Novice: 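This structure is in structure tokens; I'll ask about it shortly.
These numbers come from a predicted model, not from an experiment.
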Amino acid sequence: MPTNHSGIEVWLPILLQTSDALFPTGAYAHSLGLEEMVRLGVVSNEKTLELFLIEHLVPSLEMQDLPYLRFAMEAAPDLSELCSLDCEIHAWKIAKETREASIQIGRRRLKALRTISDDPLLAAFEAQIEQGNAFGHHICVSAIQAVTQQFPLTAALGVYAYQSLAGACAAAPKLIRIGQDGCQRVLTKAVQQLPATLSESLPIQRERAGCFSPMLEIASMRHAYANERLFIS
């Protein structure tokens with residue numbers, strides 16, 4: 001991996017910058033299905049929030065999201081294969097809100113990356129979206145960023161997983177009676193799962209990748225028809 005004269009990895013600053021809440025992806029506007037899970041009574045306090053992350057989000061990351069992030073990293077810079085993966089991701093996101101959230105966050109990440117980088121792969125993928133050959137899902141954009149900015153595989157997988165878990169924790173105080181300390185306790189428990197989650201995701205091949213969480217899918221579908229909502233999805 002590239003390092004500077006002091007031995008510090010040169011990819012680290014940009015990884016920190018683009019994984020920070022300040023980076024304008026719009027992820028803060030989404031609850032990853034948490035809002036409707038609260039409405040259904042599945043999540044109501046610190047303990048049930050912890051169970052939501054560990055029993056719903058972590059398995060999905062391990063068996064589906066992280067493998068597809070790795071597939072997309074391996075595919076780059078083959079635009080045809082990246083577009084194929086992007087369309088495949090679109091197909092397995094059953095709930096419309098989930099699909100649209102992934103596209104919205106992905107395209108906003110791509111736009112933000114284009115303002116700080118002139119890498120031709122970012123521009124080429126943006127052109128594929130404009131031509132209707134890709135949707136621009138967040139997984140694919142994150143993979144392109146990882147490749148163009150030379151993130152190690154485990155760093156790319158780890159930061160994607162962390163952002164997913166942290167996003168739910170950031171949404172929680174708006175939905176249930178939980179403070180920042182409680183959110184940090186929950187996030188700590190979930191993050192402790194990540195080394196094993198990343199390790200278990202690595203051997204999964206494309207034909208075996210997939211995860212179905214019926215309750216979360218139903219919650220995402222119901223959210224679209226809720227009478228009132230704090231989050232887009």
Side-chain angles (χ1 to χ4, degrees), residues 15 19 21 25 27-28 30-38 40-73 88-89 92-95 97-99 101-102 105-106 137-140 142-143 146 151-176 178 180-206 208-221 223 231 233:
L15 176 66
S19 60
T25 64
Y28 67 88
H30 302 273
S31 74
L32 299 173
L34 178 61
E35 183 169 10
E36 193 63 29
M37 294 292 269
V38 171
L40 291 170
V42 177
V43 177
S44 58
N45 53 34
E46 183 176 328
K47 182 59 180 177
T48 51
L49 176 63
E50 177 186 325
L51 291 175
F52 170 70
L53 265 61
I54 293 175
E55 294 181 357
H56 292 278
L57 296 191
V58 169
S60 178
L61 286 166
E62 177 184 313
M63 295 184 282
Q64 190 155 284
D65 290 58
L66 296 182
Y68 269 88
L69 178 58
R70 173 168 49 85
F71 303 154
M73 288 177 65
E88 201 168 310
I89 292 166
W92 55 248
K93 288 187 177 293
I94 299 172
E97 271 199 357
T98 305
R99 291 195 304 273
S102 175
I105 296 171
H137 281 283
H138 191 221
I139 289 175
C140 282
S142 296
F151 297 163
L153 175 61
T154 53
L157 297 177
V159 76
Y160 184 93
Y162 174 81
Q163 287 177 310
S164 298
L165 298 173
C169 288
K174 300 180 179 69
L175 299 168
I176 62 175
I178 188 172
Q180 292 299 327
D181 289 346
C183 286
Q184 287 303 314
R185 285 191 292 269
V186 169
L187 186 57
T188 296
K189 293 285 184 63
V191 167
Q192 287 172 347
Q193 308 284 320
L194 289 188
T197 299
L198 268 61
S199 178
E200 292 296 324
S201 77
L202 291 175
I204 297 176
Q205 299 301 309
R206 190 165 172 180
R208 303 284 294 181
C211 180
F212 179 48
S213 178
M215 183 174 291
L216 187 55
E217 297 288 358
I218 291 170
S220 296
M221 293 175 186
H223 186 264
F231 295 91
S233 69

Novice: Any heavy-atom pair between the side chains of Arg70 and Ile204 that's under 4.5 Å?
Specialist: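 Yes - at least one pair of side-chain heavy atoms lies under 4.5 Å apart.
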Novice: Rounded to the nearest 0.5 Å, what separation is found between the NZ atom of Lys93 and the CZ atom of Arg99?
Specialist: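 If I round to the nearest 0.5 Å, the distance is 10.0 Å.
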Novice: Determine whether Leu32 and Phe231 satisfy the following criterion, side-chain contact (heavy atoms from CB on, under 4.5 Å), listing intermediate values before the conclusion.
Specialist: CA-CA 9 Å; Leu32 299 173; Phe231 295 91; over 6 Å; no
Novice: OG/Ser213 to CD1/Ile94 distance, rounded to the nearest 0.5 angstrom?
Specialist: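 Interatomic distance, Ser213 OG to Ile94 CD1, rounded to 0.5 Å: 10.0 Å.
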Novice: When rounded to the nearest 0.5 angstrom, what distance separates CG in Leu194 from CG in Leu61?
Specialist: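 With rounding to 0.5 Å, CG (Leu194) is 7.5 Å from CG (Leu61).
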Novice: Run the side-chain contact (heavy atoms from CB on, under 4.5 Å) test on Tyr162 and Leu187 for me, step by step, so that the C-alpha distance in whole Å, both residues' side-chain angles and the decisive distance to 0.1 Å come before the verdict.
Specialist: CA-CA 9 Å; Tyr162 174 81; Leu187 186 57; 3.6 Å; yes
Novice: After noting the C-alpha distance and the side-chain angles of Gln193 and Glu62, does the key distance pass the side-chain contact (heavy atoms from CB on, under 4.5 Å) rule?
Specialist: CA-CA 10 Å; Gln193 308 284 320; Glu62 177 184 313; over 6 Å; no
Novice: With sequence neighbours left out, write down each residue that passes ring pair (Phe, Tyr, Trp, His ring centres under 6.0 Å) with His30, or none if nothing qualifies.
Specialist: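 None.
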Novice: For the side chain of Gln64 and the backbone of Ala209, is there at least one donor-acceptor N/O pair under 3.5 Å apart?
Specialist: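 The answer is no, because no donor-acceptor pair under 3.5 Å joins these two groups.
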Novice: Kindly indicate whether the side chain of Ile139, heavy atoms from C-beta on, has any atom under 4.5 Å from the side chain of Asp65.
Specialist: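 The answer is yes; the side chains approach within 4.5 Å.
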Novice: Could you tell me the separation between the OG atom of Ser220 and the CE atom of Met37, rounded to the nearest 0.5 Å?
Specialist: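 Result: 8.5 Å between the selected atoms.
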Novice: Do Ile178 and Asn45 touch side chain to side chain, with heavy atoms closer than 4.5 Å?
Specialist: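 Answer no - side chains too far apart.
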Novice: Atom SG in Cys169, atom CZ in Arg185: separation rounded to 0.5 Å?
Specialist: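 So the SG of Cys169 and the CZ of Arg185 are separated by 11.5 Å.
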Novice: Using side-chain heavy atoms (C-beta onward) and a distance below 4.5 Å, is Ile176 in contact with Thr48?
Specialist: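 Ile176 does not reach Thr48 side chain to side chain.
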Novice: When you measure from the side chain of Glu35 to the backbone of Gly33, do you find a donor-acceptor pair of N or O atoms at a distance under 3.5 Å?
Specialist: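 The answer is no, because no donor-acceptor pair under 3.5 Å joins these two groups.
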Novice: Looking at Tyr160, is its backbone amide N or carbonyl O close enough to the side chain of Ser164 to form a donor-acceptor pair, meaning the two atoms are under 3.5 Å apart?
Specialist: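 Present.
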Novice: Among residues at least two apart in sequence or on other chains, which ones pass side chain to side chain donor-acceptor pair (under 3.5 Å) with Glu88?
Specialist: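 If we apply the side chain to side chain donor-acceptor pair (under 3.5 Å) test to Glu88, skipping adjacent residues, the hits are Tyr68, Arg206.
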Novice: For Met73 versus Ala156, what's the shortest heavy-atom pair and its separation?
Specialist: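 Here Met73 and Ala156 meet closest at SD-CB, 3.8 Å.
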Novice: Hey, is CE on Met215 packed in by over 12 heavy atoms from elsewhere, all under 6.0 Å?
Specialist: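 Counting neighbours around CE of Met215, 12 or fewer heavy atoms of other residues, nucleotides or ligands fall under 6.0 Å, so no.
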Novice: Going from NE2 on His138 to OG on Ser102, what distance comes out if it is rounded to the nearest 0.5 angstrom?
Specialist: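 Answer rounded to 0.5 Å: 8.0 Å.
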Novice: Decide yes or no for Leu49 and Leu34: does some side-chain heavy atom of the first lie under 4.5 Å from some side-chain heavy atom of the second?
Specialist: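 Yes; the side chains approach each other to less than 4.5 Å.
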Novice: side-chain contact (heavy atoms from CB on, under 4.5 Å), that's the test. Do Ser19 and Gln163 meet it? Break it down for me.
Specialist: CA-CA 7 Å; Ser19 60; Gln163 287 177 310; 3.5 Å; yes
Novice: Check whether any side-chain heavy atom of Gln180 sits under 4.5 Å from a side-chain heavy atom of Pro173, and report yes or no.
Specialist: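 Yes, at least one pair of side-chain atoms sits under 4.5 Å.
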Novice: Quick one: are Val58 and Leu165 in side-chain contact, heavy atoms under 4.5 Å?
Specialist: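 In short, these two side chains touch, coming nearer than 4.5 Å.
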Novice: Please name the pair of heavy atoms, one in Ser201 and one in Leu157, separated by the smallest distance, quoted to 0.1 Å.
Specialist: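 Of all heavy-atom pairs spanning Ser201 and Leu157, the closest is OG-CD1, 4.4 Å.
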Novice: Contact between Leu216 and Leu57 at the side-chain level, heavy atoms closer than 4.5 Å - yes or no?
Specialist: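 Yes. Closest side-chain heavy atoms under 4.5 Å.
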